[in-house]
Trainee: 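Can you keep this structure in mind? I'll have questions shortly.
Chain A is the first sequence line, chain B the second, and so forth, proteins listed ahead of strands; every chain is numbered from 1. From a predicted model like this one, the values you see are computed outputs, not experimental measurements.
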Amino acid sequence: MKDIGQYDHREIEKRRSREWVEKALYSVRELLQGERFSVVIPPPNVTGSLHMGHALNATLQDILCRWHRMRGKQVEWVPGFDHAGIATQYVVDRQLQQKGMSRLEMGREEFLKKVWEWVPISRSAIREQLEKLGVSVDWSRERFTLDEGFSRAVRHAFRRLYEEGLIYRGQYMVSWCPNDLTALSDLEVEHEEEEGKLYYIRYPSEDGSWHITVATTRPETMLGDTAVAVHPEDERYRALVGKRLRLPLVEWKRRAMDGSEVSPLIPIVADSRVKPEFGTGAVKITPAHDPLDFEIGKSHGLAMVQVMDPFARMNENAGEFAGLDRYEARKKVVEKLEALGLLEKVERHRHAVGKCYRCKTVLEPTVSTQWFLKVSDQRIKSRALQVVREGLVRFIPDSWTKVYLQWVENLRDWCISRQIWWGHRIPVWYCEDCGHENLFTDEDFDRVYDKLIFNLIADGKIDQEFTPEEVEKVLHSNSFVHPEMTVLDFYKKFVFHRYHSTEVSAHLLRLFFTQDTNPTAILTEKKDRYKYDPKKKTYRFVLRCKRCGSERLRQEQDVLDTWFSSALWPFGVFGWPEETEELKKFYPTDLLVTGFDIIFFWVARMVFMGTFFLKEVPFRDVYIHALIRDEKGQKMSKTKGNVIDPLEIVEKYGADALRFTLAILTQQGRDIRLSEKRFEGYKHFANKLWNAGRFILMNLEPDLLSRLPYGAPPRPEDLWILTRLNRTAQKVNRALESYEFSEAAKELYEFVWSELCDWYIEFSKLRLYAKPQEGLPPEQAKAQEERLQAEKITVQATLLSVFERTLRLLHPFMPFITEELWQALPTAHRESVSLSPYPQYNPQELYEEAERQVERLKEIISSIRSLRSDLHIEPSRKVKLYYRAGESAPLVELFRPHLLSLAKLEGLESVEEEPPKCVAGFSKDFEFFLPLEEGVKLQELVSSYTRRLQEVEKQFKTFQERLSSESFLKRAPEEEVQKTKQSLQELEEEKRKVQTLLQALSKVRL
RNA sequence: AGGCGCGUAGCUCAGCUGGCAGAGCGCCUCCCUUACAAGGAGGAGGUCGGCGGUUCGAGUCCGCCCGUGCCUACCA
């Protein structure tokens, strides 16, 4: 007898999550032979905290990881975080602004220090949240996209791609954010339909005798026009091609990007990309501020005149408009044109405007020098298409396959450089003397100390000029990602696997540097690597231009797009580019769970990088989960204020309820509409489970396990519940195999509540609470006592066994409560339920006869209850029941105690004829009669039966019609015809009975 | 402009290969029966968005339309 009291999710979850982390239950310590299941978490951004989407993502992965683990696989689930370049910089920048500081005044180095101060705060908040959700990740392998190992992997990747000719640098059109002051990739541009205006402007000919009218949505860009283009076959303009126009307003010198002066006399060019049907068919060309104009400008060798600065203010090329914001400039330009009579008309015009995904600022298309990854190259693209077409990478639901393929087919090169400070700095050093682009990675150096120091410099951890003490300090300080180890330990574990014996101290370093200048260091590459400055007592790590040998190198200022590093995540976390054991064991990963919004940003790019670098797909299955919306179907966002904070839900309803809710709402291919009520509902489920456990524990004898051999044979209801459990296990496993989370959760809910609790536990009370008959002779009393004891053992054992397996089945969904209950059971023999096997379908444990019997019993009980309710007999009042049964007679006898108890009967008596003054009811062949009491109202019963009769008649009619149709009899399969005939018979029988009942009732009323 | 998805009970959604329309929540009635009122028992509620087609038979397959959501796009 043990009472676990009331369900308190807070206490349980707090205690258990701490325990799991402390015991490092889910850390893979040694790599085992045999099946493995490996997953990398989509690293959350270190910008804030987790939202419901993260909670869903983590829940689904955890369900699968726990499930696979319990199915005997070695599960490696790697957690980690993303440095999120622009987003993080934006967040920290805003914080500084609130304190009245400015990033630009502060400078790069100081600003980065601030970011490094802030990031761990956000990161530990996120980690804490993940722990609260109960995720079974391997914290010992936690990674960060900007940790020492990752940064090195990024440089390595950059180098390989660069050397393969897949990365190039050049002046191209990019989308520029005037607020974040950086270029963005095409994907980071959000298109939004807006109401705009189309301005028709007259451009006079060189001699002023005629003009061409062009249409534009952005009149201010005319200041940067260097041509007007028309379609070559456009009859209206054909004769004018080659002639020149005088660009209005521009009465000042304009300079192209190469410094040359550009005339305000601009040519009319012919280009088939112009759409004659749009506007006037003549389009002004601003090669420096429009993507299509840029293309056209390139084909026609037109000059590029930039008229705006990085803040999107007009620059000196805009003459009198210089200094104005682009929108003010637009107003002024239009005013002036109008005054000059050059504005023909203005029309309303809807068009799509590109905005920054982060700050929603309208982007400015600008030409600038950027780095690109040639993803359109066949070496990347064709393989990325192939692996998905061949099913090596599988999308679930499948509909995303097409989305992916379509996008990859239309790929354009990826702008990977960002003009921000937070991120992986591009490992390129320009020679100030010969202009050579030098790429350095630690592979340029073959000694460990050189590699280490190079990486520290490249990561910005130390300056290029440093003291050995600084190096020592950095390497011996706590690692950012794993504070339990030093940076040096981190290097040994995650970066330089081969050099695990390396020791570093200022003293050893000094020795090493001195040795370096020693004449015995014969190789020139090694010689003079460190230059000592006796004044400052610093060493300088010398990089030399690979072409001219100059030491005057300047590192590239730009950093890489965050997604460049995220794309390396599935192998970077396992130590790549080192060939580690982990990499061999866990790559390719088995599964990626993510939202559809980053299929292009991330999923596709991981496929690019994985297939390029490792010649293997990064993951086999990609499960694309739903987007979480609010109850009105709106996207959740902080600005709308409709977010539901997962932490609040965990606090109020528990992580188990949160997880179960998200799982049961996860239907493939459908977004989730969430309201707080949902969580409440499934907290009730947790409570129900808890109380079932409480009941079972309270009714287990302390020495049950040792008395198991003395149990009585099982009763049909025992076999029934075992069968139902078995079928549930089968369905849940099947559902999880096909990623049907909702289906699996529903099966479990249904089993626990509607079968175990509603029926089996009720049945079990008959034996648990059985009392011996009084007044028996001593021997008989003893024999009865023994029999009842044996029955008790059996029912307790069944309760225990069924409940124990139920907990295991439910564990992946509700890890905390199942762990807590499971540990309380006398059968708990492992560290955690999560390390016990997952119940599987067992064909031996299928008792179909018992299953049929109990299902029939339930029908009978329900029909009696229904009649009672119609007659308004209070649930607690016991009544006497007469019955007449055909085939069901033996069943009724077999389950007499069950009927008495669950239908609240004080007597159950078989009769031949309907007793007088009774109301009748039936369930198939089982007819029963309840004695009429004074004051019973029959009205509801009559209407209930009438409704039933109508239904039956309707159904009867359709079946009758179907069977009288010759074509049905001829064409429908024989089986179907038989089924219909049988149903018709049953309906006829039911109809007759209901009619009789109604007749009887009408007499009663008389 | 193209592409994808969704319209089933008051709400949120199941309904796989066509064969008697389901669940949860909400609602109504009765009950604090010793696991659980975070509960129990019973019940009401549906022209499956519309039209047409295929079929013996359509919520399910096909076409068109209406409504709605999203993604992609270099329409100045």
Trainee: Name the closest nucleotide to the A:Pro875 side chain, picking from B:G26, B:C36, B:G40.
Mentor: B:G40
Trainee: Side chains of A:Glu188 and A:Ser185: do they bring a donor and an acceptor to under 3.5 Å?
Mentor: yes
Trainee: Which is true for A:Leu674 with a 4.0 Å heavy-atom rule: it touches a base, it touches only sugar-phosphate, or it touches nothing?
Mentor: nothing
Trainee: Is there a side-chain polar atom (N or O) of A:Lys688 under 4.0 Å from OP1 or OP2 of B:G40?
Mentor: yes
Trainee: Using atom types as modelled and distance alone, determine if a side-chain donor or acceptor of A:Arg236 lies under 3.5 Å from a backbone N or O of A:Pro276.
Mentor: yes
Trainee: Quick one: on RNA chain B, does A:Asn691 or A:Ile861 contact a more 5' nucleotide (nearest heavy atom)?
Mentor: A:Asn691
Trainee: Name the closest nucleotide to the A:Asn687 side chain, picking from B:G43, B:G26, B:C36.
Mentor: B:C36
Trainee: Can you tell which of B:A76, B:C70, B:A35 lies closest to the side chain of A:Met698?
Mentor: B:A35
Trainee: Distance check needed: B:G43 C1' versus A:Arg868 CZ, whole Å only.
Mentor: 16 Å
Trainee: Suppose we screen for salt bridge (charged side-chain N to carboxylate O under 4.0 Å, His left out). Which residues come up paired with A:Lys765, at least two apart in sequence or across chains?
Mentor: A:Glu762
Trainee: Any donor-acceptor pair, under 3.5 Å, between the side chain of A:Lys970 and the base of B:C56, if you only look at N and O atoms?
Mentor: no
Trainee: Quick check against the 3.5 Å criterion: does A:Asn687 have a side-chain atom that pairs as donor or acceptor with the backbone of A:Lys683?
Mentor: no
Trainee: Keeping A:Arg218 on the side-chain end and A:Arg326 on the backbone end, is there a donor-acceptor pair under 3.5 Å?
Mentor: no
Trainee: I need the minimum non-hydrogen distance between A:Ala692 and A:Phe803, along with the two atoms involved.
Mentor: CB-CE1, 4.2 Å
Trainee: Starting from Watson-Crick (N1-N3 plus N6-O4 or O6-N4) and G-U wobble pairs under 3.5 Å, report the runs of at least three that RNA chain B belongs to.
Mentor: B:1-7 with B:66-72, B:10-13 with B:22-25, B:27-31 with B:39-43, B:49-53 with B:61-65
Trainee: By a strict heavy-atom criterion of less than 4.0 Å, which residues belonging to residues 745-752 of chain A are in contact with RNA chain B?
Mentor: A:Lys746, A:Tyr749
Trainee: Within the 4.0 Å heavy-atom criterion, would you say A:Lys284 contacts the bases, only the backbone, or no part of the nucleic acid?
Mentor: nothing
Trainee: May I ask you to say what A:Ser876 touches in the nucleic acid, namely base, sugar-phosphate or nothing, with a heavy-atom cut-off under 4.0 Å?
Mentor: nothing
Trainee: For the side chain of A:Phe600, starting at C-beta, report the closest nucleotide among B:G40, B:G69, B:U72.
Mentor: B:U72
Trainee: Can you find an N or O donor on one side and an acceptor on the other, under 3.5 Å apart, linking the side chain of A:Glu762 with the base of B:A35?
Mentor: yes
Trainee: Base, sugar-phosphate, or nothing: which does A:Gln667 touch, judged by heavy atoms less than 4.0 Å apart?
Mentor: sugar-phosphate
Trainee: Please determine if a side-chain N or O atom of A:Ser866 lies less than 4.0 Å away from the OP1 or OP2 oxygen of B:A41.
Mentor: no
Trainee: Return the 5'-most residue of the pair A:Ser399, A:Val403 with respect to RNA chain B, ranking by each residue's nearest nucleotide.
Mentor: A:Ser399
